[in-house]
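Reading through the structure tokens given below for one structure.
Every chain is numbered from 1 and lettered A, B, ... according to where its sequence line falls, protein lines coming before strand lines.
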Amino acid sequence: METITADFFTLDPVECARNLIGCSLFWKGCSGRIVETEAYRAIGDDACHTFLRPSAREFIASHKPGDAYVYLNYGVHWLFNILVKGEAGEGFVLIRALEPMEGAEEMSRRRGGVKASLLTAGPGRLTQALGIGGGDHGASFLELSECGMLRGTCPGVVAGLRIGITKAADLPWRFGDPSSACLSRPFK
DNA sequence: GCCAGGATGTTA
DNA sequence: AACATCCTGGCG
């Protein structure tokens, strides 16, 4: 297994989002296989935070590829993105679903004992399971010993429309492993 | 199984 | 005002 470094996130955000399916994410004793992501492009994508938020544009300017972009959605759930920044394009990859590996017991406790299939099947669910919150915004988690990612592959990756957005809703920038039992929603 | 509604905080 | 969500409760 090969550790992912910041240069993994110097491709186009859409390529990064596709490549992350099958990789594994490690976070302070818990880990999971990434089975669902979405790409957001800083330029030309009206659904990206950069479209309306100067703070998102400032975040890109002042952070490195691979840094965590974490924000509170609907006042309720933290969502975990990874900054993509390179000559090929800038933007974010939203991590939308994992298959639990290590630390399932701790994740279940944080999630209030929900059934296993709902533990990390959704962007808000997985941050709660892993204990990711606002304090992690801007963290370069790839460089910490207890956090990081390993390369992996998934031969059957599929693409679909992004979920829950109204702007640029026609772009097929959601990626996933359609055979996973841990998706936030099935692919059609 | 599907759908409606509400909780909740930050940004602009 | 909008929002990259999730849970519950009402149906059948």
Side-chain angles (χ1 to χ4, degrees), chain A residues 9 12-21 25 27 32 34-63 66-85 89-100 107-139 141 157-177 180-188:
Chain A
F9 300 101
D12 183 276
V14 177
E15 280 304 301
C16 286
R18 183 194 301 274
N19 293 344
L20 279 174
I21 304 302
L25 172 67
W27 187 273
I34 298 173
V35 294
E36 185 181 340
T37 61
E38 281 177 2
Y40 290 85
R41 270 191 188 147
I43 304 294
D45 176 10
D46 292 358
C48 187
H49 277 188
T50 52
F51 183 66
L52 282 178
R53 301 186 181 198
S55 59
R57 297 192 286 272
E58 205 281 328
F59 183 92
I60 294 177
S62 61
H63 288 79
D67 285 359
Y69 178 86
V70 180
Y71 78 99
L72 187 62
N73 189 41
Y74 290 97
V76 181
H77 298 104
W78 295 103
L79 268 57
F80 173 65
N81 298 253
I82 302 173
L83 174 61
V84 177
K85 196 178 177 186
E90 295 180 327
F92 303 96
V93 176
L94 171 67
I95 308 300
R96 287 196 58 93
L98 307 172
E99 286 176 359
M107 291 192 277
S108 178
R109 182 168 43 74
R110 290 200 191 101
R111 290 275 296 127
V114 297
K115 59 184 190 178
S117 63
L118 293 179
L119 205 52
T120 51
R125 290 167 176 157
L126 73 88
T127 56
Q128 185 183 27
L130 294 171
I132 294 174
D136 301 305
H137 184 51
F141 70 98
V157 176
V158 298
L161 301 180
R162 296 180 293 183
I163 292 176
I165 58 171
T166 54
K167 296 179 295 227
D170 56 326
L171 297 173
W173 289 354
R174 175 187 179 222
F175 299 97
D177 176 353
S180 175
C182 298
L183 298 173
S184 68
R185 283 174 41 180
F187 284 86
K188 288 195 197 66

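- Remark: A:Arg185 is not in phosphate contact with C:dT5, judged by side-chain N or O atoms under 4.0 Å from OP1 or OP2.
- A cation-pi geometry, defined here as NZ or CZ lying under 6.0 Å from the six-membered ring centre and within 45° of its normal, does not hold between A:Arg53 and A:Phe59.
- Remark: A:Arg111 is in phosphate contact with C:dC7, judged by side-chain N or O atoms under 4.0 Å from OP1 or OP2.
- Using a 4.0 Å heavy-atom criterion, one finds that A:Gly75 contacts the bases of the nucleic acid, with or without backbone contacts as well.
- DNA chain C is contacted by both A:Arg125 and A:Ile163; A:Ile163 maps to the nucleotide lying nearer its 5′ end (nearest heavy atom per residue).
- Closest to the A:Asn73 side chain, of the nucleotides C:dT5, B:dT8, B:dT10, is C:dT5.
- Across all strands shown, C:dC11 forms a Watson-Crick or G-U wobble pair, both distances under 3.5 Å, with B:dG1.
- Rounded to whole Å, atom C1' of B:dT11 lies 14 Å from atom OH of A:Tyr74.
- Following rounding to the nearest Å, A:Leu79 (CG) and B:dG9 (C1') show an atom-to-atom distance of 14 Å.
- Using a 4.0 Å heavy-atom cutoff across all strands shown, A:Leu94 reaches at least one base atom of the nucleic acid.
- Atom CG of A:Leu72 is separated from atom C1' of C:dC6 by 13 Å (rounded to the nearest Å).
- In this structure, A:Phe51 atom CZ and C:dA4 atom P are separated by 12 Å, rounded to whole Å.
- In summary, of the residues considered (A:Tyr71, A:Phe141, A:Phe92), a ring-ring contact (aromatic ring centres under 6.0 Å, His included) with A:Phe80 occurs for A:Phe141 alone.
- Residue whose closest nucleotide on DNA chain C sits further toward the 5' end, between A:Val93 and A:Leu118: A:Val93.
- One atom, CD1 of A:Ile165, and another, C1' of C:dT5, lie 14 Å apart when rounded to the nearest Å.
- Partner assigned to B:dT8 is none, using Watson-Crick or G-U wobble distances below 3.5 angstrom.
- The six-membered or imidazole ring of A:Tyr69 lies near that of A:His49, with a centre-to-centre distance under 6.0 Å.
- In terms of phosphate contacts, A:Arg53 brings no side-chain nitrogen or oxygen within less than 4.0 Å of OP1 or OP2 of B:dT10.
- At whole-Å resolution of the value, CZ in A:Arg57 and C1' in B:dT11 are 12 Å apart.
- Using a distance-only test at 3.5 Å, with no hydrogens or angles considered, no donor-acceptor pair links the side chain of A:Arg125 to the main chain of A:Leu119.
- The side chain of A:Ser55 lies closest to B:dA12 when the candidates are C:dA4, B:dA12, B:dG9.
- Distances shorter than 4.0 Å separate some side-chain N or O of A:Thr166 from OP1 or OP2 on C:dC3.
- Using a 4.0 Å heavy-atom cutoff across all strands shown, A:Ser184 reaches no nucleic acid atom at all.
- For A:Arg41 and C:dA4, the CZ to C1' distance is 17 Å, given to the nearest whole Å.
- Once the 5.5 Å centre distance and the 30° plane angle are applied, the aromatic ring of A:Tyr40 is found stacked with the base of C:dA4.
- Side chain of A:Asp67 to main chain of A:Leu83: no donor-acceptor pair is present (N/O by atom type, distance under 3.5 Å, no hydrogens or angles).
- Atoms CZ (A:Phe80) and C1' (C:dA4) sit 15 Å apart, rounded to a whole Å.
- Under the side-chain contact (heavy atoms from CB on, under 4.5 Å) rule, A:Glu38 has a single partner from A:Val14, A:Leu161, A:Ile163, A:Ile95, which is A:Ile163.
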